[in-house]
Amino acid sequence: MPNIKSASKRVELSRAAEAANKAKKSALKTTIKKFDAAVAAGNKEEAAVAYKVAVKAIDKAAVTGLIHKNNAARKKSRLTLSINAM
């Protein structure tokens, strides 16, 4: 436990940021899983809608620093390959 008041404030802030980032990353994974489920089911219309949502979420995560830009590019590329293979 920090002795200095500003250090204890930083601990509180970092815990709040950690919780927020965890929730955002979980939401990102959920959108990708919804797309994967639509592709696995073979539903092209649902997959197209889920693709747009997933790509937007990935771009937003990359811009905010939640994931690295190369990681975002790789994820989008894999989604695109899977929807084109349908």
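Side-chain atoms are counted along with the backbone in the values below, which use heavy atoms only and exclude waters and symmetry mates.
Using a 4.5 Å heavy-atom threshold, the side chains of V63 and D59 count as separate.
No donor-acceptor pair closer than 3.5 Å links the side chain of S77 to the backbone N or O of A73. S26 places no side-chain N or O within 3.5 Å of a backbone atom of K22 that could act as its donor or acceptor partner.
V11 approaches P2 most closely through the heavy-atom pair CG2-CG, 3.7 Å. The minimum heavy-atom distance linking V55 with K76 is given by the pair CG1-CD, 3.7 Å. A54 and L79 get closest at one heavy-atom pair: CB-CD1, 3.8 Å. The nearest pair of heavy atoms linking S82 to V39 is O-CG1, 4.2 Å.
Within a 6.0 Å radius of CG in L13, more than 12 heavy atoms belonging to other residues, nucleotides or ligands are found. The number of heavy atoms from other shown groups lying within 6.0 Å of CZ (R74) is above 12.
The distance from atom NZ of K75 to atom NZ of K29, rounded to the nearest 0.5 Å, is 8.0 Å. The CD1 atom of I58 sits 4.0 Å away from the CD1 atom of I32 when rounded to the nearest 0.5 Å. Put simply, CD1 on I67 and NZ on K25 are 7.5 Å apart, with the number rounded to the nearest 0.5 Å. Atom CG of residue N21 and atom OG1 of residue T64 lie 8.0 Å apart, to the nearest 0.5 angstrom. With rounding to the nearest 0.5 angstrom, the CZ atom of F35 is 12.5 Å from the NZ atom of K52.
In this structure, Y51 is a member of the same hydrophobic cluster as M86, with clusters built from ILVMFWY side-chain heavy atoms closer than 4.5 Å.
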